[in-house]
Asks: 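My questions all concern the structure below.
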Protein chains: 2
Amino acid sequence: MVVDELREAELDRVFRAFADSTRRDIVRRVTGDGLNVSGLARHYAMSFAAVQKHVAVLERACLVTKERRGREQLVRANRDGLERARRLLEEYEAIWRQRAGRIADILAEGTAQGREAP
Amino acid sequence: MVVDELREAELDRVFRAFADSTRRDIVRRVTGDGLNVSGLARHYAMSFAAVQKHVAVLERACLVTKERRGREQLVRANRDGLERARRLLEEYEAIWRQRAGRIADILAEGTAQGREAP
DNA sequence: GTAACGTACAACCAAATGGTTGTAGATGAG
DNA sequence: CTCATCTACAACCATTTGGTTGTACGTTAC
């Protein structure tokens, strides 16, 4: 199986973006109606610039989008990003199930043919 | 809603652990049979110590477990960790669906009562 | 017993991260 | 027009991260 570098880098960005409680909170806050950056910044005990950076990280990971609204910038959650991340984790669980299943099969075979104690 | 600091820190660790392609690969490799640390290290173009550190990060995030086997240390994937992370993402999607649904309702109301163009 | 193996851990380094302040450019309100 | 607001971005700083090498210690094989 060839490693898909692009996809890997994308996943790095998505998980990294989620690895910060402020950013997770931002995603929650901008889900639905959306908010401008200042509106977001008011909720956190940090500078406007810091919030701006967090939004930039989320944007690079395609978890939110920014849209100009006059002098404001409307930040909104991007559902596709969330879904992609979730699917990846489901994939890992699928691998787990598959391998765990294979082992169960092997054990079952062994039992059926009395190989567990030669 | 009170912020659950413990849980937040836990999520930080889980997502951070996943935010590295080597670590994601390690999780795949130790799903099922498990592998000792040297066995893992052979697959990567980096030092044994580096792989050891990656395993430590995964262990702190409860995504893998280590188990002594004589002089070796068997690394195995911990399904619970994976499942927890996936559920969290599903939760975010649920928030999305809920709010998106509410908006859809509001829009529907508006249309029904002719509020969209006063 | 000794040599080879598998692991643990410390010390170090470059680069990335998460925060700050400060400056400057657009846009909207009065 | 002028002023307040919203945003963008650079420069800086402390800490964390992801990697290295080197050393030490328990276990297994011969």
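Given the structure is predicted, the values throughout are model-derived calculations rather than measurements. Numbers restart at 1 for each chain; the letters A, B, ... are given by sequence-line order, proteins then strands.
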Asks: Send over the distance from A:R60 CZ to C:dG18 C1', rounded to a whole Å.
Replies: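 Going from A:R60 (CZ) to C:dG18 (C1'), I get 12 Å.
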
Asks: Taking CG from B:D20 and C1' from C:dT17, how many angstroms apart are they, rounded to a whole number?
Replies: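 Nearest whole value for this atom pair: 15 Å.
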
Asks: Given D:dT7, C:dT7, D:dT20, identify the nucleotide with an atom nearest to the side chain of B:M46.
Replies: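 Of the options given, the side chain of B:M46 lies nearest D:dT20.
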
Asks: Can you find a side chain N or O atom of B:Q52 that sits less than 4.0 Å from OP1 or OP2 on C:dT7?
Replies: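 Answer is no, no contact under 4.0 Å.
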
Asks: Nearest heavy atom decides the nucleotide; on that basis, is A:A49 or A:R23 closer to the 5' end of DNA chain C?
Replies: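 Result of the comparison: A:R23.
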
Asks: Between D:dT17 atom P and A:F15 atom CZ, what is the distance in whole Å?
Replies: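 Nearest whole value for this atom pair: 18 Å.
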
Asks: With a distance cut-off below 6.0 Å to the six-membered ring centre and an angular limit of 45° from the axis, does A:R29 pair with A:Y44 as a cation-pi contact?
Replies: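 Checked: cation-pi criterion met.
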
Asks: How far apart are the closest heavy atoms of A:R23 and A:L58, and which atoms are they?
Replies: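 Closest heavy-atom pair between A:R23 and A:L58: O-CD1, 3.8 Å.
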
Asks: Please lay out, stage by stage, how A:E83 and A:R87 fare under the test salt bridge (charged side-chain N to carboxylate O under 4.0 Å, His left out).
Replies: CA-CA 6 Å; A:E83 214 170 321; A:R87 265 203 300 271; 3.5 Å; yes

Asks: Nearest whole angstrom, please: distance from the P of C:dT27 to the CD of A:E67.
Replies: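 Spelled out: CD on A:E67 to P on C:dT27 is 16 Å.
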
Asks: Using whole Å, report how far CZ of A:R71 lies from C1' of D:dA8.
Replies: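 Rounded to whole Å, this separation is 15 Å.
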
Asks: If you define the side chain from C-beta out and look only at heavy atoms, does anything of B:R86 sit under 4.5 Å from B:R84?
Replies: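 No - every pair of side-chain heavy atoms lies 4.5 Å or more apart.
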
Asks: With a 4.0 Å cutoff (strictly under), does any side-chain N or O of B:S38 reach OP1 or OP2 of C:dC5?
Replies: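 Checking B:S38 against C:dC5: no side-chain N or O falls below 4.0 Å of OP1 or OP2.
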
Asks: Using whole Å, what does the distance between atom C1' of nucleotide D:dT17 and atom CG of B:D12 come to?
Replies: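 Taking CG of B:D12 and C1' of D:dT17, I get 15 Å after rounding.
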
Asks: Just the rounded figure in Å: distance from P of D:dT17 to CZ of B:R13.
Replies: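 About 11 Å, once rounded to whole Å.
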
Asks: With the side chain counted from C-beta on, respond yes when B:N78 and B:L82 share a heavy-atom pair under 4.5 Å apart, and no when they do not.
Replies: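 B:N78 vs B:L82: side chains apart.
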
Asks: Any side-chain N or O of A:K53 under 4.0 Å from OP1/OP2 of D:dA11?
Replies: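 So the side chain of A:K53 is outside the cut-off, no N or O lying under 4.0 Å from OP1 or OP2 of D:dA11.
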
Asks: Once you round it to whole Å, what is the distance between P of C:dC5 and CG of B:N36?
Replies: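 Going from CG in B:N36 over to P in C:dC5 covers 13 Å.
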
Asks: Quick check: on DNA chain C, is the nucleotide nearest B:F48 upstream (toward 5') of the one nearest A:F48, or the reverse? Name the residue that is more 5'.
Replies: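 Closest to the 5' end, via its nearest nucleotide, is B:F48.
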
Asks: Considering only D:dA8, C:dT20, D:dG19, which nucleotide approaches the side chain of B:A50 most closely?
Replies: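 So the nucleotide nearest the side chain must be D:dG19.
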
Asks: Tell me whether the side-chain N/O atoms of A:H54 come closer than 4.0 Å to OP1 or OP2 in C:dG19.
Replies: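 So the side chain of A:H54 is within the cut-off, an N or O lying under 4.0 Å from OP1 or OP2 of C:dG19.
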
Asks: Please determine whether a side-chain nitrogen or oxygen atom of A:Q73 lies at a distance below 4.0 Å from atom OP1 or OP2 of D:dA8.
Replies: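 Checking D:dA8 against A:Q73, a side-chain N or O does come within under 4.0 Å of OP1 or OP2.
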
Asks: Check the phosphate of C:dT20 against A:S47, side-chain N and O only, distance under 4.0 Å to OP1 or OP2. Yes or no?
Replies: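 Indeed, a polar side-chain atom of A:S47 lies that close.
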
